[in-house]
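Here's the structure, in structure tokens; my notes come after.
Note on naming: letters A, B, ... go to the chains in the order of the sequence lines (proteins, then strands), and numbering restarts at 1 for each one.
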Number of protein chains: 2
Amino acid sequence: MLANIKVQQPTETQCAECPIRKMALFKRVPEDQLESTQDHRSSQITFPSRAHLYREGETNDFVYTLFDGCVKLYKTLKNGKIQGMRSASPGDFLGFQGDLDGAMHHGAIALTDTIVCAFPKEDVHRMLCEHKEIASEMIMKNAQMMAFCQEHLLSTGAKIAIERIAFTLIELNHRFKTLLSSKSVGQYERIIELPLTQEDLADAVGLTSIHVNRTLKQLKDKQLISCKKGRISVLNEKELMLLAHFNPDRIHVRNIL
Amino acid sequence: MLANIKVQQPTETQCAECPIRKMALFKRVPEDQLESTQDHRSSQITFPSRAHLYREGETNDFVYTLFDGCVKLYKTLKNGKIQGMRSASPGDFLGFQGDLDGAMHHGAIALTDTIVCAFPKEDVHRMLCEHKEIASEMIMKNAQMMAFCQEHLLSTGAKIAIERIAFTLIELNHRFKTLLSSKSVGQYERIIELPLTQEDLADAVGLTSIHVNRTLKQLKDKQLISCKKGRISVLNEKELMLLAHFNPDRIHVRNIL
DNA sequence: CGGTCCGTTGATTGTCTTCAAGTTGGGTGG
DNA sequence: CCACCCAACTTGAAGACAATCAACGGACCG
């Protein structure tokens with residue numbers, strides 16, 4: 001469970017000042033009510049890279065809003081094969097599933113040092129009832145996750161290796177780029193280093209890391225990406241988007257509720 | 001068999017009498033308020049087999065609760081390849097996506113003659129705000145759809161052909177079985193004919209229909225299934241579940257909100 | 001009776017996996 | 001500082017699995 005290495009922040013960010021709130025679950029909670037939502041929050045917790053937030057098949061008492069970092073959500077088969085569900089980025093809501101009290105349907109492992117805001121699951125029901133802004137936002141977040149999951153499924157089921165890999169890279173790159181450009185008013189690193197090992201990428205796209213390695217080489221030869229240990233960077237977004245059949249409008253959707 | 005349980009309603013079913021309401025979006029709306037939700041409903045609509053409820057890339061003014069029948073939800077790539085997202089069954093909520101007014105991210109085509117309850121999209125916002133029971137149910141339905149989509153992704157990304165096919169068949173069979181046993185208090189056809197052509201199944205699992213045909217032959221040889229034109233039946237659930245790595249508790253989850 | 005949709009089968013090709021060995025680079029402890 | 005270690009990455013060769021190409025059968029329908 002939480003027994004992992006967790007460190008309390010010396011000073012916790014207050015919800016009212018939270019820089020990612022505009023993309024998190026409390027987006028629509030009026031400023032003057034934030035104090036009460038904050039009561040639900042048990043704490044900010046940090047996880048070092050490669051630590052588990054929770055494990056597949058085990059129960060976990062918290063849900064999280066990802067505050068900073070990158071977290072791999074994945075499932076496994078009994079034969080050991082892994083399928084990545086999503087590389088979560090700041091603002092993502094983690095750990096919610098239909099049977100809140102049951103064993104987790106997937107695992108979550110930090111790809112970088114990570115900070116999350118934790119909420120006891122027992123409060124989730126109350127939060128959703130008391131704040132219909134949260135319920136609305138939950139519906140929208142879920143719709144976004146659904147859109148992503150379906151594009152991921154399309155990618156995995158109907159594209160060839162190089163297209164799938166291009167898709168996963170360009171989607172994550174696009175997501176981080178949007179985040180960074182909204183955080184820092186000015187400019188941001190034009191080239192982002194995605195915190196993925198080739199094996200993480202292999203899990204995400206449903207291929208072996210060996211074949212991912214060979215395919216990445218093709219992409220490097222075409223100057224579309226660059227790699228170093230545990231990092232992959234997108235160099236040519238336009239070409240990758242074409243290769244990937246990537247349309248940001250299908251995934252990164254503006255909310256309507 | 002599916003075709004038999006469908007009853008064409010000469011007069012439209014009233015929400016208060018709706019036999020599938022307990023699994024639909026209005027599950028929790030108090031009896032005495034049903035009249036107002038009914039006002040939102042524009043009509044029951046029937047679609048013949050192989051008609052589109054809506055098409056990918058086009059806009060559509062309604063969302064639907066599937067009342068009777070089976071509907072294939074799918075996406076396509078520009079090269080023509082199709083990936084099935086889900087075979088929807090009665091109680092499923094269709095056509096909702098984050099950008100309600102935008103072009104549909106997926107298409108929906110009837111696999112059998114189908115009856116849906118249609119709701120104008122412009123009322124969706126109001127419905128969710130006015131009835132928090134609907135909002136809650138929406139959140140739960142979405143969690144279920146998410147769980148399914150993720151299992152489907154796991155299946156597509158990490159299993160071999162025979163396992164994927166077994167998974168898709170046993171999952172759909174299990175879903176229909178649950179529906180039928182709750183509809184008819186007494187017994188139901190023990191063997192269900194799933195309304196899938198081999199090509200539909202191929203789309204769902206991300207394989208060619210030729211390879212699906214060969215794999216189905218293996219399953220027939222093992223007496224696990226039987227086929228006729230446009231119908232596939234599960235004969236040995238237990239064996240198929242093992243083959244498929246299928247765990248109903250991961251997908252067909254009891255609600256908690 | 002011809003047409004069409006769905007299913008079946010064979011032969012061939014190609015993508016991806018598996019097995020098997022390296023190599024590189026960062027980190028650690030002597 | 002160097003030696004060592006380990007995880008991540010790289011490369012080659014062989015084989016498995018699924019796609020493609022091609023042809024045919026059978027049921028249903030107008």
Parallel, tilted or perpendicular, judged at 30° and 60°: which one describes the rings of B:Phe148 and B:Phe167? parallel
Listed partners of [X] passing salt bridge (Lys or Arg N to Asp or Glu O under 4.0 Å), at least two apart:
X	answer
B:Arg164	none
B:Arg55	none
A:Asp68	A:Lys183

Segment of DNA chain D, first to last nucleotide, that comes within the 4.0 Å heavy-atom reach of chain B: D:dA18 to D:dA27
Per-nt protein contacts along nucleotides 16-23 of chain C (heavy atom under 4.0 Å; B base, S backbone sugar-phosphate only, - none) come out as BBBB----
Nucleotide N/O to protein N/O under 3.5 Å, stretch nucleotides 3-6 of chain C:
from: C:dC5; atom 1: O2; to: B:Lys229; atom 2: NZ; distance (Å): 3.3

Hey, is the side chain of B:Asn213 poking within less than 4.0 Å of OP1 or OP2 on C:dT8, counting only N and O atoms? yes
Would you mind listing every salt bridge (charged side-chain N to carboxylate O under 4.0 Å, His left out) that reaches into residues 103-116 of chain A, with sequence neighbours excluded? none
Pairs where residues 71-80 of chain A contributes a residue and the test salt bridge (charged side-chain N to carboxylate O under 4.0 Å, His left out) is met, not counting sequence neighbours: A:Lys72-A:Asp200, A:Lys72-A:Asp203, A:Lys75-B:Glu151
Taking the basic N atoms (NZ, or NE/NH1/NH2) and the acidic carboxylate oxygens, is any pair closer than 4.0 Å for A:Glu56 and B:Arg250? yes
Review item, side-chain donor-acceptor pairs of residues 216-225 of chain B, under 3.5 Å, at least two apart:
none

Could you walk me through whether B:Leu53 and B:Val71 pass the side-chain contact (heavy atoms from CB on, under 4.5 Å) test, one step at a time? CA-CA 9 Å; B:Leu53 280 72; B:Val71 175; 4.1 Å; yes
Using rotation axes that map the C1' atoms of four end pairs onto the next four (five pairs an end), what angle separates the end axes of the helix from C:dG7-D:dC24 to C:dG30-D:dC1, to 10°? 40°
Could you list the residues that satisfy side chain to side chain contact (heavy atoms under 4.5 Å, CB included) with B:Thr178, not counting sequence neighbours? B:His174
Report yes or no: do B:His252 and B:Gln144 form a side-chain donor-acceptor pair below 3.5 Å? no
Which residues satisfy the ring pair (Phe, Tyr, Trp, His ring centres under 6.0 Å) test with B:Tyr54, sequence neighbours excluded? B:His106
